[in-house]
Participant: 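Could you have a look at this structure, given as structure tokens, before my questions?
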2 protein chains.
Amino acid sequence: MHKKIMYIFVVQIEVLMSNSKLYKGSLNTIILKLLQVHHKMYGYEITQKVKAITNGELNITEGALYPALHKLEAEGLLEVEVTKVDNRLRKYYKLTSMGNRETVNKLTELAEYIKTMQVLVNSKLA
Amino acid sequence: MHKKIMYIFVVQIEVLMSNSKLYKGSLNTIILKLLQVHHKMYGYEITQKVKAITNGELNITEGALYPALHKLEAEGLLEVEVTKVDNRLRKYYKLTSMGNRETVNKLTELAEYIKTMQVLVNSKLA
DNA sequence: TTCTTATGCATAAATTTCTTATGTATATTT
DNA sequence: AAATATACATAAGAAATTTATGCATAAGAA
């Protein structure tokens, strides 16, 4: 007489969105573009916005975002306005006029870069 | 009576192609794609090819290229074949079967990234 | 009520991926 | 004879991330 033992394994598989590695150099452009459209955003809001727009494909890490915001501010491209909501700190950023001009440049640059990469990568002539 | 003195300045303006900053992370994809098309290339040839295809907009530096080739080889994505032409060394690289698979992945990744960036950057809805 | 998750900021260390600088050597063009 | 092109290589430095922490409050779940 054999005892039948059944093991049930419940394995949770975590599907990582591959956290779609940011191509280094594009974060500033993303920030600037979002601020061009929304006029006023705070850091956490930016991370959520990017996640939402890209269906979770792109996750801006805080370790990248906050230093980037500080640098853009130091360069005079952004200005900050600190407020308190629900007893919690919030730092709203918006483009300065310099920031507006730089945004246009960055967007042009990115468009050119994409065009170049498409020529390199999509053509069979390469 | 005034003496009239005319100065003629000849100024050479060097138009830098802005050396179109490579978005960090795309070099490997470029290398792999070129080898997918050409089956066999050597380092110097790759730099010239990229320059030609992009009308000089993209210049792969040797300091970036050679280490990248070595790494791809170490990872088993490329294999090398050393020859001598005109008494000068040449190292031909080509894709391994793993390299072929990885090329497809990298190209897909890039295409997705470009799509994502276009959504983020081109839409007014962002 | 307590624990976890979400919100909101921040920084430091490590890593990746380039640029810049330098080096060697041969071939070709000026 | 000197400069440029071809062909490789590596090291130091810079830039832009990731990963790992940390602190604090609010909201939701157990």
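Residue numbers begin at 1 in each chain, while the letters A, B, ... track the order of the sequences.
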Participant: Against the six-membered ring of Tyr92(B), is Lys40(B) placed for a cation-pi contact (under 6.0 Å from the centre, within 45° of the normal)?
Facilitator: yes

Participant: Taking only N and O in the side chain of Tyr42(A), is any of them less than 4.0 Å away from OP1 or OP2 of dC9(C)?
Facilitator: no

Participant: Which atom pair, heavy atoms only, marks the closest approach of Pro67(A) to Ala64(A)?
Facilitator: CD-O, 3.6 Å

Participant: Let's see if you get this right: which residues in residues 80-91 of chain A place a heavy atom under 4.0 Å from DNA chain C?
Facilitator: Arg88(A), Leu89(A), Arg90(A), Lys91(A)

Participant: In whole Å, what is the span from the OH atom of Tyr23(B) to the P atom of dA15(D)?
Facilitator: 16 Å

Participant: Using a 3.5 Å limit on both pairing distances, list the dot-bracket string of DNA chain D from the 5' end; Watson-Crick and G-U wobble pairs count, crossing pairs take [ ], interstrand pairs take |.
Facilitator: ||||||||||||||||||||||||||||||

Participant: For Asn28(A) and dT17(D), what is the distance between atoms CG and C1' respectively, to the nearest whole Å?
Facilitator: 11 Å

Participant: Can you check the Asn59(A) CG to dT19(D) P distance for me, whole Å?
Facilitator: 11 Å

Participant: Set out, line by line, the N/O atom pairs under 3.5 Å between protein and nucleotides 10-14 of chain D.
Facilitator:
{"residue": "dT10(D)", "atom": "OP2", "partner": "His70(B)", "partner atom": "ND1", "Å": "3.4"}

Participant: Measure the CG-CD distance between Leu77(B) and Glu73(B) for me, rounded to the nearest 0.5 Å.
Facilitator: 10.5 Å

Participant: Show the numbers, then the answer: is there a side-chain contact (heavy atoms from CB on, under 4.5 Å) between Asn59(A) and Thr47(A)?
Facilitator: CA-CA 7 Å; Asn59(A) 285 308; Thr47(A) 65; over 6 Å; no

Participant: Dump the intermediate steps for side-chain contact (heavy atoms from CB on, under 4.5 Å) on Arg88(B) and Lys84(B), then the final yes or no.
Facilitator: CA-CA 5 Å; Arg88(B) 248 184 281 142; Lys84(B) 210 159 200 181; 5.9 Å; no

Participant: Atom CD of Gln48(A) and atom C1' of dA6(C): how far apart are they, to the nearest Å?
Facilitator: 9 Å

Participant: Can you find a heavy atom in the side chain of Leu89(B) that is under 4.5 Å from one in the side chain of Val82(B)?
Facilitator: yes

Participant: Distance check needed: dT19(D) C1' versus Leu65(A) CG, whole Å only.
Facilitator: 16 Å

Participant: Using 0.5 Å steps for rounding, measure from the CD1 atom of Ile46(A) to the NZ atom of Lys51(A).
Facilitator: 13.5 Å

Participant: Roughly how far, to the nearest 0.5 Å, is CD1 of Ile30(B) from CG of Leu35(B)?
Facilitator: 12.0 Å

Participant: Report the distance from atom CD of Glu75(A) to atom P of dA15(D), rounded to the nearest whole Å.
Facilitator: 11 Å

Participant: Could you go through Ile53(A) and Thr116(B), starting from their C-alpha distance and side-chain angles, then the distance that decides it, and tell me whether this counts as side-chain contact (heavy atoms from CB on, under 4.5 Å)?
Facilitator: CA-CA 9 Å; Ile53(A) 295 175; Thr116(B) 297; over 6 Å; no

Participant: Using a 4.0 Å heavy-atom cut-off, does Ser26(A) contact any base of the nucleic acid, only the sugar-phosphate backbone, or nothing at all?
Facilitator: sugar-phosphate

Participant: Only one of Asn100(B), Leu95(B), Leu107(B) passes side-chain contact (heavy atoms from CB on, under 4.5 Å) with Leu32(B); say which it is.
Facilitator: Leu95(B)

Participant: Atom OH of Tyr93(A) to atom C1' of dC9(C): distance rounded to whole Å?
Facilitator: 9 Å

Participant: Run the ring-centre check on Tyr113(B) versus Tyr23(A) and record whether the distance is less than 6.0 Å.
Facilitator: yes

Participant: Leu32(A) has an atom CG; how far is it from atom P of dA16(D), in whole Å?
Facilitator: 12 Å

